[in-house]
Amino acid sequence: MPISGVTSSVNNSFFGCVSGSNLSEETKRKLRQLGVEPSTVTSEMQAQTLITKLEQKLEQVYKTANSNNAQQATSSESEMIAKAKSLANQVGVSVSSSESLSDIFSKISKKLESMTKGGDNLKEVEGYKSELSSLEDEYSTIQQSQNSMYSAMNYTANMNKYMLGLN
């Protein structure tokens with residue numbers, strides 16, 4: 001191999017190793033946070049473009065995920081309200097449209113206690129109690145999911161602030 005070929009090879013290798021060195025420390029830090037090795041980027045402009053695209057993509061993914069979770073939680077809660085109202089109707093409790101699930105559960109529970117003390121059909125009352133317990137457990141699970149979703153949204157907001165340097 002002629003010397004010029006070795007020199008060319010060494011220069012190309014050297015340039016490849018040093019290409020990320022012309023980036024600012026802030027840009028290198030952002031690239032690393034986004035999972036990109038700074039040495040793969042050749043200029044500050046290319047790095048900034050890449051950072052912008054990746055941040056937009058991440059934001060889009062977070063928005064889609066959070067939107068889907070919010071819709072799912074809302075529909076689940078609506079279903080729970082419908083089931084609770086149906087049970088209240090079966091038990092003979094009147095419920096207004098503005099009452100919360102906790103209020104509905106409380107009314108149903110009180111009615112079931114009075115039915116038990118009144119000596120009504122105990123098998124039927126036990127069935128209602130079982131259904132109420134099941135609804136309360138399901139509601140608790142939905143609330144935990146909502147709390148997780150809100151925590152994820154809060155985390156996303158904090159990460160966005162951090163990425164934009166607003167902290």
Side-chain angles (χ1 to χ4, degrees), residues 23-38 40-41 46-167:
L23 302 175
S24 70
E25 288 303 314
E26 177 73 14
T27 300
K28 287 179 185 178
R29 182 181 59 76
K30 284 184 180 179
L31 285 170
R32 284 188 186 106
Q33 285 177 338
L34 293 169
V36 177
E37 181 56 41
T40 62
V41 182
Q46 182 187 19
Q48 291 301 325
T49 303
L50 182 61
I51 289 169
T52 302
K53 285 181 181 178
L54 289 172
E55 286 176 343
Q56 287 173 346
K57 191 69 167 173
L58 280 173
E59 188 174 327
Q60 183 181 17
V61 168
Y62 285 134
K63 283 182 181 177
T64 302
N66 288 336
S67 173
N68 289 344
N69 288 342
Q71 288 172 352
Q72 188 177 25
T74 302
S75 67
S76 296
E77 192 167 358
S78 298
E79 290 173 16
M80 286 296 303
I81 291 172
K83 289 178 183 177
K85 286 183 177 181
S86 172
L87 180 60
N89 203 15
Q90 290 173 359
V91 173
V93 173
S94 62
V95 180
S96 71
S97 60
S98 62
E99 287 185 273
S100 71
L101 272 172
S102 299
D103 293 339
I104 295 171
F105 290 154
S106 178
K107 282 185 171 183
I108 294 171
S109 181
K110 287 178 185 175
K111 178 67 175 184
L112 292 176
E113 287 302 316
S114 69
M115 289 171 74
T116 303
K117 289 178 183 175
D120 290 356
N121 185 352
L122 293 180
K123 283 188 176 184
E124 188 177 23
V125 172
E126 288 303 315
Y128 291 143
K129 282 183 178 181
S130 174
E131 190 174 345
L132 176 62
S133 176
S134 174
L135 286 174
E136 288 173 330
D137 290 345
E138 191 175 342
Y139 180 60
S140 175
T141 302
I142 289 172
Q143 283 191 314
Q144 288 173 349
S145 296
Q146 285 177 334
N147 289 339
S148 295
M149 178 189 62
Y150 294 137
S151 294
M153 290 171 66
N154 189 32
Y155 176 77
T156 301
N158 287 332
M159 288 304 293
N160 286 339
K161 288 178 192 175
Y162 179 74
M163 294 297 282
L164 296 171
L166 300 175
N167 270 354

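Treat the numbers as computed from the prediction; the structure is a model and nothing was measured. Numbers here simply count residues along the sequence, with the first being 1.
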Ignoring hydrogens and geometry, is there a side-chain-to-backbone donor-acceptor pair from Ser109 to Phe105 under 3.5 Å? no
Give a yes or no on whether the backbone of Gln48 and the side-chain of Thr52 come within a donor-acceptor separation of less than 3.5 Å. yes
Is it the case that the side chains of Tyr128 and Glu124 hold a donor-acceptor pair, with the cut-off being a distance below 3.5 Å and no angle test? yes
Going from CD on Glu113 to NZ on Lys129, what distance comes out if it is rounded to the nearest 0.5 angstrom? 4.5 Å
Quick one: does any side-chain atom of Thr156 pair with a main-chain N or O of Ala152 as donor and acceptor, under 3.5 Å? yes
At what distance, to the nearest 0.5 angstrom, does OG of Ser94 lie from NZ of Lys85? 11.5 Å
Check this for me, if you would: do Glu25 and Lys28 make a salt bridge, where the nitrogen-to-carboxylate-oxygen distance has to be below 4.0 angstrom? yes
If I take atom NZ from residue Lys110 and atom CD1 from residue Ile108, how far apart are they, to the nearest 0.5 angstrom? 12.5 Å
Euclidean distance, Leu31 CG relative to Ser24 OG, rounded to 0.5 Å: 9.0 Å
Any donor-acceptor pair under 3.5 Å linking the side chain of Ser148 with the backbone of Gln144? yes
For side chain to side chain contact (heavy atoms under 4.5 Å, CB included), just list the numbers for Ser86 and Gln90, CA-CA rounded to whole Å, side-chain angles, deciding distance to a tenth of an Å, and then say yes or no. CA-CA 6 Å; Ser86 172; Gln90 290 173 359; 3.9 Å; yes
Tightest non-hydrogen contact, residues Ala88 and Ile104, listed as CB-CG2, 4.4 Å
Does Ser134 reach the main-chain N or O of Ser130 with its side chain, forming a donor-acceptor pair under 3.5 Å? no
Quick one: pull up CG in Leu135 and CG in Leu101 and give me the separation to the nearest 0.5 Å. 8.5 Å
Between the CG atom in Leu122 and the OG1 atom in Thr116, the distance rounded to the nearest 0.5 Å is 6.5 Å
Where do Arg29 and Glu26 land on the salt bridge (Lys or Arg N to Asp or Glu O under 4.0 Å) test, with the steps shown first? CA-CA 5 Å; Arg29 182 181 59 76; Glu26 177 73 14; 2.4 Å; yes
